Amino acid sequence: MKKTILTLLVALPMSVFAQKFAHINSAEIIQAMPEYTTAQTEIQAQAKLYEDELKRMQDELKTKMEDYQKNEATMVDAIKQRRQQELEELNNRLEQYYQTSQQDLQKLQQTKLAAISEKVGKAIKEVGDAGGYIYVMDTTSGIPYISTTLSTDVTAQVKAKLGVK
């Protein structure tokens, strides 16, 4: 009995050391993917469209504001109130458009990057299973410390699995 317990106590720490750990740099992998470049291009193109429309709305507000200020002294009170209301409504539309466009861009980015992250996650799992790793840590995820000497860097293997360089 004592011999069995002693054998277990000696073998237990050895089994811990036999476990394999790996690490990756997901940012490097994602940025190397052609899907990421395509997604960034689409997001930037959409941002440019929103920016152009916002600029047009700002120019319209500026023009109307200048016209109002130039003619304010000669306007009848009813017209003055109507113009002030128009300016306020235009300013509100501009603010609403800005908020909506930012939300839309954020959703677009999340959608595009979710598909990429899912693909990377699948490749990491496949490499991890094939290599017999019990844990594959991401060096870009903010983990305080990952020993790169006691774990294997499988970034290149994941890239190869995804067909990127």
Side-chain angles (χ1 to χ4, degrees), residues 1-62 88-165:
M1 180 75 172
K2 288 182 183 180
K3 200 174 198 181
T4 307
I5 293 174
L6 185 60
T7 304
L8 283 174
L9 290 175
V10 170
L12 188 60
M14 287 183 191
S15 67
V16 171
F17 290 118
Q19 296 176 352
K20 293 170 60 178
F21 296 93
H23 62 274
I24 57 153
N25 183 332
S26 64
E28 179 183 326
I29 294 167
I30 290 171
Q31 290 174 357
M33 296 175 68
E35 295 95 328
Y36 178 76
T37 305
T38 302
Q40 288 300 105
T41 302
E42 289 176 25
I43 292 166
Q44 289 171 356
Q46 189 64 41
K48 177 77 169 114
L49 290 174
Y50 287 138
E51 186 180 311
D52 290 347
E53 179 62 17
L54 192 61
K55 174 86 169 92
R56 186 197 63 74
M57 291 173 77
Q58 287 171 333
D59 290 345
E60 180 183 356
L61 179 61
K62 181 181 176 187
E88 188 175 317
E89 288 172 2
L90 185 55
N91 188 52
N92 290 339
R93 279 197 336 251
L94 191 143
E95 288 176 9
Q96 182 62 40
Y97 182 80
Y98 175 77
Q99 290 173 358
T100 303
S101 66
Q102 292 303 305
Q103 290 169 354
D104 289 349
L105 281 175
Q106 191 173 32
K107 286 177 189 175
L108 179 64
Q109 187 171 16
Q110 288 172 348
T111 302
K112 297 289 184 184
L113 295 182
I116 294 168
S117 293
E118 185 177 320
K119 188 174 180 179
V120 170
K122 183 179 175 189
I124 291 168
K125 183 180 180 332
E126 290 173 4
V127 168
D129 288 344
Y133 300 105
I134 63 164
Y135 195 79
V136 179
M137 297 164 274
D138 186 357
T139 57
T140 59
S141 68
I143 295 174
Y145 174 73
I146 297 174
S147 173
T148 56
T149 57
L150 297 176
S151 66
T152 306
D153 187 355
V154 293
T155 301
Q157 291 170 302
V158 173
K159 282 181 168 181
K161 185 66 116 173
L162 292 167
V164 296
K165 294 182 181 187

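Just so you know, these numbers come straight off a predicted model, no measurement behind them. Side chains are part of it too, since the values below use all heavy atoms of this structure and drop only hydrogens, waters and symmetry mates.
Between Val127 and Val154, the closest heavy-atom pair is CG1-CB, 4.0 Å. Scanning all heavy atoms of the two residues, the minimum distance from Lys165 to Lys159 falls at O-NZ, 3.8 Å. Closest approach of Gly128 to Val136, counting heavy atoms only: CA-CG2, 4.1 Å.
When side chains are defined from C-beta on, Leu54 does not count as touching Glu51, because their heavy atoms never get closer than 4.5 Å. For the pair Gln46/Asp104, no side-chain contact is recorded, criterion being any heavy-atom separation below 4.5 Å from C-beta on. Considering only heavy atoms from C-beta on, Ile24 comes within 4.5 Å of Ile29 through its side chain. A 4.5 Å side-chain heavy-atom check between Lys20 and Thr152 finds every atom pair outside the cut-off.
Under 3.5 Å, the side chains of Ser151 and His23 contain a donor-acceptor pair of N or O atoms.
Rounding to the nearest 0.5 Å places CD of Gln109 at 12.5 Å from CD of Glu42. Considering OG of Ser117 and CE of Met33, their distance stands at 8.5 Å, rounded to 0.5 Å. With rounding to the nearest 0.5 Å, the separation of CD in Gln106 from OG in Ser101 is 11.5 Å. A distance of 13.5 Å separates CE of Met137 from CG of Asn25, quoted to the nearest 0.5 Å. Considering CD1 of Ile124 and OG1 of Thr155, their distance stands at 8.5 Å, rounded to 0.5 Å. Put simply, CG on Leu94 and CE on Met57 are 4.5 Å apart, with the number rounded to the nearest 0.5 Å.
Exactly one of Gln103, Gln102, Gln96 qualifies for a side chain to side chain donor-acceptor pair (under 3.5 Å) with Thr100. That residue is Gln96.
Counting heavy-atom neighbours within 6.0 Å of Tyr98 OH, excluding the residue itself, gives a total of 12 or less. Within 6.0 Å of the CD atom in Glu118, the count of heavy atoms belonging to other residues, nucleotides or ligands does not exceed 12. Surrounding CD of Glu88 are at most 12 heavy atoms belonging to other residues, nucleotides or ligands under 6.0 Å away.
Taking a cutoff of 4.0 Å between a charged side-chain nitrogen and a carboxylate oxygen, Asp52 and Lys48 qualify as a salt bridge.
Checked against side-chain contact (heavy atoms from CB on, under 4.5 Å), Ile134 has the following partners two or more places apart in sequence or in another chain: Gln19, Phe21. Legend: residues meeting side-chain contact (heavy atoms from CB on, under 4.5 Å) with Leu90, ordered by chain and number and at least two apart, are Glu60, Leu61, Lys64, Arg93.
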